[in-house]
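Single-structure report; data block below.
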Amino acid sequence: MTTPIIGFIALIVIALIGWGVAEMKNRTITFVHSEDEAEGEKEMQEAYEENGSKELSLHDLLERNYTKGYKSV
């Protein structure tokens, strides 16, 4: 066999091993949101409902931007 074919086969084998490790890790570790994240989700839901259950446009977001340099202080 030539060197490029051996390299390609090695790449495939390494990729399959990495994929297998990632799949096993995904099945053994369960993700749980923290209380802070749950609280943030609640705030986001309240803001969403406050705006009539619609997403804000870019224009609306820029109007409510509180990071405008010295004006924000």
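When a residue number appears, it is its place in the shown sequence, counting from 1.
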- Note on the structure: Residue set satisfying side chain to side chain contact (heavy atoms under 4.5 Å, CB included) with E35, at least two apart, ordered chain then number -> none
- Message: Under a 3.5 Å distance rule, please check whether E37 uses its side chain to pair with a backbone N or O of S34 as donor and acceptor.
- Response: yes
- So CD1 of I29 and CE of M24: to nearest 0.5 Å the spacing works out to 11.5 Å
- Query: CD1 of I9 to CD1 of I14: how many Å apart, nearest 0.5 Å?
  - Reply: 12.0 Å
- Query: Who passes side chain to side chain contact (heavy atoms under 4.5 Å, CB included) against E39, sequence neighbours left out?
  - Reply: E43
- Query: Taking atom types as modelled, is there a side-chain donor on Q45 or E41 under 3.5 Å from an acceptor on the other?
  - Reply: no
